[in-house]
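Here the structure is a predicted model, which means the values were calculated and not measured. One-based numbering, in listed order, for ligands and for the atoms of each. Numbers here simply count residues along the sequence, with the first being 1.
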Amino acid sequence: MEKLKFLLTVTFLLILSQTILAQKKSVDLIVSGGTIVTMDAGKRVIENGAVAIQKGKIVAVGTAPDILRRFVGRQIIEASSKMVIPGLVNTHTHIPMTLFRGISDDLDLQEWLTKYIFPAEAKNVTEDFVRVGTRLGLAEMIRGGTTTYCDMYYFEDAIADETAKAGMRGVLGETIIDFPVPDNKTHEQALAYTEKFVNKWKNHPLIVPAFAPHAAYTVNEAHLGNIKKSADKLNAAVVIHVAETQNEVNDIFKQKKLRPIEYLDKINFLNNRTIAAHVVFANENEIDILKSRGVGVAHNPQSNMKLASGVAPVPQMLFKDLPVGLGTDGAASNNDLNLWEEMDTAAKLHKVFARDPKVLTAEQAFEMATIRGARALHLENLIGSIETGKHGDIAIVDFDTPHQTPFYNVYSHLVYATKASDVRTVVIDGKVVMRDRRLLTLNENVIKKDANSYQKKIIESLLR
Ligand SMILES: [Zn+2]
């Protein structure tokens, strides 16, 4: 009798526990513990929080006890004593240029481009070069917690392939420019390549294919018109350098009697699929034009400082709530792809330039690296914050180092004290791509070896 009682009790408990478990929804991944910096509309910061991710999407965000009561994760990432932040958004790169890192420094844009970069590109850029440089850039960006980047270069189809294989998200634009380049020799070829490229990748879960006319001073009006027409037809994004230097402003004004942004607007080039890189020279009227057309802006403080291009009117843009993100630009003009430095630099550059420490706050800088950057890429409904319904793009940041001790304010710490090397784990589209600083989708040793073999080739090519 006692035995029967015992068996009945065990059976009852088993059924009960299974019923409780059955009430819990099973999800692919739970990031549990830690402080969640959501960057949602209310800028919620959740202590001892958790995020549940299913099929690449965030399905719940809340306190850890709440999420763990409702969900059971097939995979759990423990994030106690860490910050859980939205993956960073790098709004402007030329990713394969990592292979030109340090090739020539301390020059202005014109001399740097025409004497070094354009010749080095003509002699070295092949599809293999692009693949090696892309893998190197992806490894660097993932290690620093970047989960989305916006690129413009040649052989962008190969860049998309490498990006997708690494599990990284990208807005990737094929560069179109009015001189023969390594992949396309004429405007017509470049346009045909880009149309094919956009059609091939447009439904990919990680890749947003785009057109990338280099700039208004390197692509003529008729060609810009063709690009606009193709992009409209395919509903594709358009990435372009805009008003980067005083020289550009002078050249366009000489030809068109308009400033670059006025000119681009006059030819109906600007809309809510445009991503304008730099925008160093924009007056109040031009900022209003960008705002009214819904143009996204990529601010590249370190590149603009290194090439001595100037200081973009970012506080004025933020005052008018423009979608401004942060970008590193190519590694040759930076010389790294580290968004933590861009946040820190953006905040400090504008303070010193305006001689007003309140002109760009740490919170605004962090916003530009996350949700406002997502707006700049026109992807704010998909990425840039930790919110239900968005893609599971998350970085987990260590907060237990001497340079982060003690701790008072989330944004101050993230912008002024945290380093890229403090990022421990990175999740993109619900998949772990770096765990405890080990890359899971890229082989770092092979990448470094391949990149170093290009360094020798590039030096020799410049001596010829
Ligand atoms: Zn650029």
* Kindly determine whether E262 and K256 satisfy salt bridge (charged side-chain N to carboxylate O under 4.0 Å, His left out), including the steps that lead there. => CA-CA 10 Å; E262 294 170 341; K256 308 287 176 187; over 6 Å; no
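Taking 2.8 Å as the criterion, H278 does not count as a coordinating residue of the Zn ion (ligand 1), since none of its N, O or S atoms falls below it.
The Zn ion (ligand 1) sits nearest to atom NE2 when only the N, O or S atoms of H92 are considered. Summary: OD1 is the N/O/S atom of D329 found nearest to the Zn ion (ligand 1). Looking at H241 and the Zn ion (ligand 1) together, the shortest N, O or S contact belongs to NE2.
By the 6.0 Å and 45° rule, K266 does not stack over the aromatic ring of Y263.
Of all the heavy atoms in G384 and M39, the pair that sits closest is O-CB, 4.0 Å. Shown here for M152 and I240, the closest heavy-atom pair between the two residues is CE-CA, 4.4 Å.
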